[in-house]
Amino acid sequence: MRVIVERDLDGVSRTAAQFVATLVRRKPTCVLGLATGSTPLGMYAELVRLHREERLDFSRVVTFNLDEYVGLDASHPQSYRTFMQRNLFDHLNIDHRNTHVPDGRALDFDVYCERYERMIRDEGGVDLQVLGIGTDGHIAFNEPGSSLGSRTRLKTLTNETIRDNARFFGSEADVPRLAITMGVGTILESRQCLLLASGEHKAKAIRDTVEGPVTAQVTASALQLHRDVITVVDEEAGRLLERRSYYREVEQAQTLLRSGRFGQAQ
Ligand code: PGA
């Protein structure tokens, strides 16, 4: 796992947006896996800027979001579809038909979840999956105890997640109890993962994810089994990482390698 420690959330956002933008330029028909939450907001703003100022072209990009609350209509102000429209899709030249967010009002969830998995497969799989992380170590809504082989399905949210997300709804009572979410197994099939975290409250989840054992109690730790994960955190979220200085050395060596100056530095 590559670990990049940036000074603050701005740095995380810019670095993360560069990974996405590089892929979109290299493969204009790429499939992006997208996440909601506070963490990727700055990255989305930077992608919008790159689209406006540098003509980053999303016209053939396909997207799949990780999750959606059960019971919320797409037009609900707190639905993840609304979040994506407001913060990203409405500001890009992306084809609405190429953007997929799970349907929180599906009539038959079993059938719908299988169809979501099939749609991802039919598009050739996710090239780059953007991920946030919960304070309980979840990725998407794969709460502690989720099978590490899980596929898209319904999950019951933990009280911790409901508390964390109440700030968007006004009160805990208004937060839906269920969500439809890609599984850990679904996420592990993407070609590359980009895990983002910011803030002191994420420090323990990040340490457990990067340096702890692989366990269903911290579903993000399953990313240790993936061959291509880039974790981008700010100083606060990376505070408890024991091998921070090593991760920095790795990044410095990578920079030298890319510039062809590695030998001279030795
Ligand atoms: P956040 O949410 O980005 O709003 O902190 C992350 C998550 O719960 O996955």
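Below, each value reflects all heavy atoms present in this structure, side chains not excepted, and no hydrogens, waters or symmetry copies. Both ligands and their constituent atoms are indexed starting at 1 by order of listing.
Residue T161 does not touch ligand 1, judged by heavy-atom distances below 4.0 Å. With a 4.0 Å heavy-atom cut-off, ligand 1 is reached by no atom of E160.
Counting heavy-atom neighbours within 6.0 Å of E242 CD, excluding the residue itself, gives a total of 12 or less.
Protein heavy atom closest to atom 6 (C) of ligand 1, with residue, atom name and distance, is I133 O, 3.4 Å. Scanning the protein for heavy atoms near atom 4 (O) of ligand 1, the closest one is S38 N, 2.8 Å.
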Taking it one step at a time, do R177 and L157 satisfy side-chain contact (heavy atoms from CB on, under 4.5 Å)? CA-CA 6 Å; R177 267 39 193 172; L157 307 190; 5.9 Å; no
Could you walk me through whether L23 and L32 pass the side-chain contact (heavy atoms from CB on, under 4.5 Å) test, one step at a time? CA-CA 9 Å; L23 173 65; L32 298 177; 3.8 Å; yes
Do E123 and R60 pass the salt bridge (Lys or Arg N to Asp or Glu O under 4.0 Å) test, and can you show the C-alpha distance, the side-chain angles, and the key distance before you say yes or no? CA-CA 12 Å; E123 291 291 348; R60 290 188 293 157; over 6 Å; no
Evaluate side-chain contact (heavy atoms from CB on, under 4.5 Å) for L196 paired with L131, printing each intermediate quantity in order. CA-CA 6 Å; L196 312 180; L131 296 163; over 6 Å; no
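Note on V232: it clusters hydrophobically with L88, by side-chain heavy-atom contacts below 4.5 Å among ILVMFWY residues.
Residue H201 has no N or O atom closer than 3.5 Å to an N or O atom of ligand 1. Considering backbone and side-chain N/O atoms, T36 never comes within less than 3.5 Å of an N/O atom of ligand 1. Checking only distances, K202 does come within under 3.5 Å of ligand 1, N or O to N or O.
Within ligand 1, counting atoms from 1 as listed, the ones closer than 4.0 Å to a heavy atom of T39 are 1 (P), 3 (O), 5 (O). Of all the atoms in ligand 1, the ones that sit under 4.0 Å from a non-hydrogen atom of H138 are 7 (C), 8 (O), 9 (O). For ligand 1, the atoms closer than 4.0 angstrom to any heavy atom of G37 are 3 (O), 4 (O). Of all the atoms in ligand 1, the ones that sit under 4.0 Å from a non-hydrogen atom of R167 are 4 (O).
The aromatic rings of Y69 and F169 stand perpendicular to each other, their planes meeting at an angle above 60°, with 30° marking the opposite boundary. The aromatic rings of Y44 and F83 lie perpendicular to each other, with more than 60° between the two planes, well past the 30° mark.
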